[in-house]
Amino acid sequence: MSVDPMAYETQFFGFTPQTCMLRIYIAFQDYLFEVMQAVEQVIVKKLDGISNCDISPVQIRKCTEKFLSFMKERFDNLFGKMEQLFLQLILRIPPNILLPEDKSQEMYPYSVEEFQLLQEEIDQLQEKYKTELCAQQALLAELEEQKIVQAKLKQTLTLFDELTNVGRDHGTSDFRESLLSLIQNSRKLQNIRNDIEKEGERLKTS
């Protein structure tokens, strides 16, 4: 069998030409064995009809095997020549033929240096895409955080509205003004407390 890889032919056919020839060889060989077996059975039946025949089935089998070996040797010799013809003239793509999927190489030829530059450009674009994808994911995460903050703010405003309604029910017209006044009074009380503590410390030291 041929050892030429025939990669371009394999790309076109979808199988290696050597595999095709091997299958043909096995098919012919199987057919030869079947024919010899059928011939042997016919000879045995014919001899069974002849009286006083000294030829036994064992002798017939030996003769069949000898003839089969002879035929196989001739067949291998002929098949080797047929394989060369098939691989050279039938299953081989001429060097001037270009497959349809490779037409772009003929229309847009690239040197090795140009191909390397193109590959580097592709790598840079891929890195840029990854960077932009990470930035997009960060923005999406920030938007999610903003949604959470907005939801909490909405809850807080709802709480203030509820407290305002409660204040109105108890005679307070504006809860926000009441809360602001409470904060201011708390600060005044804190300042008075601080003044008292300072005065107490001053009296202790005097």
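Taking CD of Q11 as the reference point, atom OG1 of T16 lies at 14.0 Å (rounded to 0.5 Å). One finds the CZ atom of F75 at 7.5 Å from the CG atom of L32 (value rounded to the nearest 0.5 Å). Of the inter-residue distances, the one linking D76 atom CG with K72 atom NZ reads 4.0 Å to the nearest 0.5 angstrom. Here the CZ atom belonging to F28 is positioned 5.5 Å from the CE atom belonging to M82, to the nearest 0.5 angstrom. In this structure, CZ in F79 is found 11.0 Å from CD in Q84, a value given to the nearest 0.5 Å.
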Worked check of side chain to side chain contact (heavy atoms under 4.5 Å, CB included) between Q18 and L22: CA-CA 6 Å; Q18 291 86 347; L22 178 61; over 6 Å; no

Full working for side chain to side chain contact (heavy atoms under 4.5 Å, CB included) between E83 and L87: CA-CA 6 Å; E83 179 190 17; L87 295 180; 3.8 Å; yes

Residues L143, Q146; criterion side chain to side chain contact (heavy atoms under 4.5 Å, CB included); working and verdict: CA-CA 5 Å; L143 287 175; Q146 290 181 0; 3.8 Å; yes

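Following chains of ILVMFWY side-chain contacts shorter than 4.5 Å, one cannot reach M36 starting from L47, and the two form parts of different hydrophobic clusters. By the rule that hydrophobic residues join a cluster once side-chain heavy atoms approach within less than 4.5 Å of another member, V58 and I43 end up as members of separate clusters.
Clustering of Ile, Leu, Val, Met, Phe, Trp and Tyr by side-chain heavy atoms under 4.5 Å joins I192 with I196. The hydrophobic cluster containing Y129 also includes L133, under a criterion of side-chain heavy atoms closer than 4.5 Å among ILVMFWY residues, counted directly or through chains of members.
Legend: salt bridge (Lys or Arg N to Asp or Glu O under 4.0 Å) pairs involving residues 125-150, not counting sequence neighbours, sorted by first then second residue: E144-K147.
Looking at residues two or more places apart in sequence or on another chain, you find a side chain to side chain contact (heavy atoms under 4.5 Å, CB included) between I90 and F86. Q116 is linked by a side chain to side chain contact (heavy atoms under 4.5 Å, CB included) to V112, counting only residues two or more places apart in sequence or in another chain. With sequence neighbours excluded, no residue satisfies side chain to side chain contact (heavy atoms under 4.5 Å, CB included) with Q124. For Q29, the side chain to side chain donor-acceptor pair (under 3.5 Å) test picks out Y25, with sequence neighbours left out. Applying the salt bridge (Lys or Arg N to Asp or Glu O under 4.0 Å) criterion to K154, with sequence neighbours excluded, gives no partner residue. Under the side chain to side chain contact (heavy atoms under 4.5 Å, CB included) criterion, D123 pairs with Q119, Q126, not counting sequence neighbours.
Around the CZ atom of F13, the shell of radius 6.0 Å holds more than 12 heavy atoms that belong to other residues, nucleotides or ligands.
With contacts defined as side-chain heavy-atom distances shorter than 4.5 Å, the pair K152/I148 qualifies.
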Hey, can you pull the donor-acceptor pairs under 3.5 Å for the side chains in residues 62-71, sequence neighbours left out?
residue: T64; atom: OG1; partner: E40; partner atom: OE1; Å: 3.3
residue: T64; atom: OG1; partner: I60; partner atom: O; Å: 2.8

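No donor-acceptor pair under 3.5 Å is formed between the side chain of E9 and the backbone N or O of L91.
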